[in-house]
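Read through the structure below, which is laid out as structure tokens, and then see the notes.
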Amino acid sequence: MRFFWRGIWAATLLCASAAMAVANDVQLTSRDGAIQIEGTLLTYDGEFYRVETIYGPLTLDGGGVTCDGPGCPDLNAFVADVRFSGANRMAEVLIPALIQAFAIRNELSVVREVTDERQSTFVLSDQERIQARFELSSGTTAEGYADLIAEEADIAMVLREPRKSEVSMARTAASGDLLKGRRARVVALDGIVAVTAPGQPLRSLSLDQMAAALSGQATRWSDIGGPDVPIVRHLPMPESGLLETFEDRVLAQSDSTIGAGATHHTLLQDVADSVADDTFAIGLTTLSETGNAVPMRVAGACGFETSATLAALRAEDYPLTLPLMLYTPARRLPLIAREFLDFTQDPAADLVIRRAGFVDQAITKTSFDDQGDRLAHAISQAGPEVSLEDLQRMVEALRERDRLSTTFRFTGGTRLDVQSEENIIRLARALETGAFNNRDLLLVGFSDGEGPAGPNLSLSKKRARSVLRLLKEAAPDADFKRVTVRPDAFGEALPMACDDTEWGRAINRRVEVWVK
């Protein structure tokens with residue numbers, strides 16, 4: 001419906017737009033006078049002109065041309081206007097904190113101008129003039145994508161990757177392919193959790209049980225292993241991004257949908273508060289917004305249980321890890337916007353992210369000795385094709401090493417998921433800065449237990465080699481003579497979840513990084 005009204009609005013203003021084009025007409029001439037481009041100025045970002053011409057939109061480096069015409073900008077008074085739109089949790093807490101820190105780092109002053117409860121603008125200035133205006137529009141993930149596709153936003157604040165319908169809309173609207181290129185920047189992490197009251201005796205659920213309880217298919221706690229009393233459901237608003245992610249990643253596996261009868265809350269804090277006051281309630285929220293409610297562990301039929309801990313979220317060992325992302329357009333953003341995006345990936349932003357209540361992506365270590373539970377599970381759950389010799393070889397290779405939180409997981413085959421793509425960039429930066437000089441990094445591939453062990457071992461080796469290739473491509477300035485990075489693989493030898501579910505198999509398909 002949103003796109004329909006935008007189409008009507010565009011048609012209504014067609015004549016007015018044609019008249020305005022005259023005012024925006026420019027003629028760009030190369031410094032040697034050999035080339036001239038005429039058209040309507042679409043944007044100027046302080047470096048590049050984007051012009052609508054008879055050949056379509058063209059982008060030209062402002063340093064190589066002169067501009068004539070009524071649409072030419074004042075080069076000495078340029079202010080970058082950057083529009084953010086999307087998830088309210090990011091717009092109200094995370095991004096404002098990062099903007100403040102970015103300004104301090106670049107010796108800029110910040111003034112926040114509040115338009116209403118959903119709109120605010122951060123004005124960044126140096127001692128001489130305004131340098132940029134960052135406008136934040138608080139809403140939902142769906143609205144963020146819609147505004148990005150309609151070019152009403154420059155950056156979308158989102159809690160999930162785009163759905164097929166949004167990818168199709170972007171292609172139709174000539175906004176580019178949302179799935180190609182580095183369109184997403186993972187800024188912080190959170191976890192989707194089912195929560196109950198402290199007095200609820202049931203402390204863990206399988207994802208199937210969680211889906212049944214939160215969708216409304218299971219109406220009584222006895223249906224999922226609890227007492228024989230009704231289940232009271234408290235959920236985020238539809239299209240919040242959080243509920244959509246849960247639908248895409250959990251409910252879709254069993255063709256379930258959210259049924260009637262749940263109470264939907266605008267604020268996640270209200271979800272947690274409502275659940276904490278009712279022993280027989282269940283809610284869906286994030287780890288950062290659990291309040292007095294208690295997060296439930298995710299269990300598997302084979303005995304594995306996993307909790308949404310800081311370490312599990314960083315390593316993506318928790319199946320409902322939630323990346324908070326900034327999604328960018330296919331076109332070039334102003335320089336200060338690109339610098340802000342780079343800052344969000346910098347280790348200097350990690351403390352800001354933690355203070356805002358989220359999980360950063362800092363690279364941390366866990367010693368081999370602190371992973372006894374994982375090894376015990378590996379031994380107890382080893383399949384018939386995993387021999388004692390296989391386990392001994394794995395222990396011998398890893399026992400003198402520490403596991404890094406940086407882990408790489410795949411959406412299928414050898415294609416990395418969005419969080420893992422960000423991990424490539426972060427680990428590559430650490431290699432280029434010499435953080436691992438004189439160290440030995442082992443990229444260790446593991447697989448699920450579906451199918452024969454031999455092909456699974458080969459696939460885990462292929463994934464480890466793929467990660468090594470991507471790291472070298474992302475770190476061209478790293479001194480690989482001073483750091484050793486090599487692949488290895490152990491196939492099915494170290495499962496982290498049950499292979500009887502898709503999410504368990506996805507958790508088990510990974511490449512870990514071990515350092516000595």
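Defined by atom type and a distance below 3.5 Å, a donor-acceptor pair is present between the side-chain atoms of Ser204 and Glu305.
Salt bridge Glu113/Arg133: absent, no basic N to carboxylate O contact under 4.0 Å. For the pair Glu512 and Arg510, the salt-bridge criterion is met [side-chain N within less than 4.0 Å of a carboxylate O]. In this structure, Arg426 does not pair ionically with Asp346, as no charged nitrogen and carboxylate oxygen lie closer than 4.0 Å. Using a cutoff of 4.0 Å between basic side-chain nitrogens and carboxylate oxygens, Asp499 and Arg505 are not scored as salt-bridged. Using a cutoff of 4.0 Å between basic side-chain nitrogens and carboxylate oxygens, Asp45 and Arg50 are not scored as salt-bridged.
Under the side chain to side chain donor-acceptor pair (under 3.5 Å) criterion, Asp448 pairs with Arg509, not counting sequence neighbours. When the side chain to side chain donor-acceptor pair (under 3.5 Å) test is applied to Asp417, the partners found at least two apart in sequence or on another chain are Ser420. With sequence neighbours excluded, no residue forms a side chain to side chain donor-acceptor pair (under 3.5 Å) with Asp255. In this structure, Asp278 has no side chain to side chain donor-acceptor pair (under 3.5 Å) partners at least two apart in sequence or on a different chain.
More than 12 heavy-atom neighbours from other residues, nucleotides or ligands sit within 6.0 angstrom of CZ on Arg354.
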Please tabulate, for side-chain N and O atoms in residues 287-296, each donor-acceptor pair with protein atoms closer than 3.5 Å (sequence neighbours left out).
from	atom 1	to	atom 2	distance (Å)
Ser288	OG	Asp190	OD2	2.5
Ser288	OG	Thr286	OG1	3.1
Glu289	OE2	Arg89	NE	3.4
Glu289	OE2	Arg89	NH1	3.2
Glu289	OE2	Arg89	NH2	3.3

Side-chain donor-acceptor contacts of residues 313-321 below 3.5 Å, not counting sequence neighbours, with atom names and distances?
from	atom 1	to	atom 2	distance (Å)
Arg314	NE	Asp360	O	3.2
Arg314	NH2	Asp360	OD1	2.8
Arg314	NH2	Asp360	OD2	3.1
Asp317	OD1	Arg403	NH2	3.4
Asp317	OD1	Arg409	NH1	3.3
Asp317	OD1	Arg409	NH2	2.9
Asp317	OD2	Arg403	NH1	3.1
Tyr318	OH	Ile192	O	2.8
Thr321	OG1	Tyr318	O	2.9

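In plain terms, the two heavy atoms of Thr279 and Gln200 that are nearest each other are O-NE2, 3.0 Å.
Phe134 and Phe102 have parallel rings, their planes meeting at less than 30° on a 0 to 90° scale where 60° marks the start of perpendicular.
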